Amino acid sequence: MGASDLAAFAALFAEESRAAMLLALLDGRAWTAGELARHARVAPSTATEHLGKLVAGGVLAEERQGRHRYVRLAGPGIAHLVEELAGLAGPGPDRPPRSLGAATAERALARGRTCYDHLAGRLGVAVTGALTARGLLDQEGGFALTGPGLEWFAELGVPLAAKGRRPLARGCLDWTERRPHLAGLAGAALCAHALDSGWCVRIGTGRAVKTTPAGERALHRALGIEPDALR
């Protein structure tokens, strides 16, 4: 990749409507152009134009089912890049939420959310911090699971089968907490386990998740996380 290629790829992210769509797609779902147009508050034709550029640039993957066209992030690497950019961008100018509903949604996302396929927000950072404090995750030596960490996942019944070139564990800078949360295969497996076992439940149709009372008890038993840290 040359300088011009890098500049062209970076330009795909440097437009507010496209950025809004990419942040929405961090929920890991496939969205239609109409849904993303409404989310980004642009005309359907404008959304279609933006999505065409993102698909052509390899940022999004396109799926068709009959007459319907869906798009999703091209893979976990793109999701990681979007979340990293959001974290590195830093807080913008203080702007009041558009409505009470928007303020409530922002608080819910900050408390807990999915970042593509792993846990983020205060929830994700708390889990990552607890794993590190107990010697299950090594953040100093390259963000890797330790031997006891691998045993902890096995005892939890969470499989960590290698898939392609995706790393087992990777740090992802949390854009609300400004600290890393666990991504990679281990992060994805733990998120799936948390949702499947009822530790967390999704809120609405977005990325927000909330820890259940059963989840608070389970996380306290498994990692010593106090319930107040998850609320």
Side-chain angles (χ1 to χ4, degrees), residues 25-30 61 63 72-87 109 111-203 207-212 214-227 229-230:
L25 287 163
L26 279 176
D27 68 357
R29 296 187 301 119
E63 301 174 2
R72 64 169 69 246
L73 295 178
I78 295 296
H80 178 76
L81 177 58
V82 173
E83 185 84 358
E84 284 278 300
L85 287 172
L109 284 173
R111 181 179 61 230
R113 63 183 182 277
T114 54
C115 171
Y116 190 59
D117 59 2
H118 54 270
L119 297 172
R122 287 200 302 275
L123 170 60
V125 169
V127 169
T128 302
L131 287 168
T132 304
R134 292 187 166 224
L136 309 177
L137 177 68
D138 178 11
Q139 294 196 41
E140 300 297 327
F143 219 96
L145 290 178
T146 63
L150 292 171
E151 294 175 4
W152 183 85
F153 272 87
E155 291 171 359
L156 196 63
V158 178
L160 292 178
K163 295 180 181 178
R165 296 165 56 187
R166 191 176 187 186
L168 182 61
R170 179 167 64 177
C172 184
L173 181 62
D174 197 281
W175 61 269
T176 52
E177 295 296 301
R178 308 293 166 180
R179 289 182 289 164
H181 57 245
L182 177 63
L185 289 172
L190 187 56
C191 178
H193 179 77
L195 291 169
D196 292 343
S197 63
W199 291 5
C200 302
V201 292
R202 295 189 182 275
I203 303 173
R207 294 197 286 147
V209 297
K210 181 179 180 181
T211 311
T212 64
E216 290 180 353
R217 293 190 295 271
L219 288 169
H220 186 265
R221 286 194 304 269
L223 292 170
I225 300 174
E226 295 295 336
L230 305 173

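Quantities reported herein were computed from a predicted structural model and do not represent experimental measurements.
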Can you name the residues that form a side chain to side chain contact (heavy atoms under 4.5 Å, CB included) with [X], not counting sequence neighbours?
X: A189; value: V158, L160
X: L109; value: R113, R207, A208
X: P148; value: L136, T146
X: L73; value: L22, L25, L26, L60, I78, A79, Y116

>> How long is the straight-line distance from CG of D117 back to CG of L190, given to the nearest 0.5 Å?
In response: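 CG of D117 is found 11.5 Å from CG of L190.
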>> Between V209 and T114, is the side-chain contact (heavy atoms from CB on, under 4.5 Å) condition met? List the steps.
In response: CA-CA 7 Å; V209 297; T114 54; 4.0 Å; yes
> For R170, what residues pass the salt bridge (charged side-chain N to carboxylate O under 4.0 Å, His left out) criterion, not counting sequence neighbours?
Replying inline: none
> Residues in salt bridge (charged side-chain N to carboxylate O under 4.0 Å, His left out) with R202, at least two apart?
Replying inline: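 Once residues adjacent in sequence are excluded, R202 has no partner under the salt bridge (charged side-chain N to carboxylate O under 4.0 Å, His left out) criterion.
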>> Testing L230, L123, T212 one by one against C200 for a side chain to side chain contact (heavy atoms under 4.5 Å, CB included), which residue passes?
In response: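 Single side chain to side chain contact (heavy atoms under 4.5 Å, CB included) partner of C200 among L230, L123, T212: L123.
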Could you report the tightest heavy-atom contact between [X] and [Y], atom names first, then the distance?
X: A86; Y: R178; value: O-NH1, 4.0 Å
X: A30; Y: R72; value: CB-NH2, 3.5 Å
X: A186; Y: L145; value: CB-CD1, 3.9 Å

> Can you list every ring pair (Phe, Tyr, Trp, His ring centres under 6.0 Å) pair that touches residues 121-179, not counting sequence neighbours?
Replying inline: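 Pairs touching residues 121-179 that pass the test: none.
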Enumerate, atom names and distances included, each donor-acceptor pair closer than 3.5 Å involving a side-chain atom of residues 215-227, sequence neighbours excluded.
from	atom 1	to	atom 2	distance (Å)
E216	OE1	R231	NH2	2.9
E216	OE2	R231	NE	3.0

> With sequence neighbours excluded, what pairs up with R111 under the side chain to side chain donor-acceptor pair (under 3.5 Å) test?
Replying inline: none
>> Filter on side-chain hydrogen bond (donor to acceptor under 3.5 Å, both in side chains), then keep only pairs touching residues 119-145, sequence neighbours left out; what's left?
In response: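 Matches after skipping sequence neighbours: T132-Q139.
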> Can you list every side-chain hydrogen bond (donor to acceptor under 3.5 Å, both in side chains) pair that touches residues 179-201, not counting sequence neighbours?
Replying inline: H118-H181, D174-H181, S197-W199
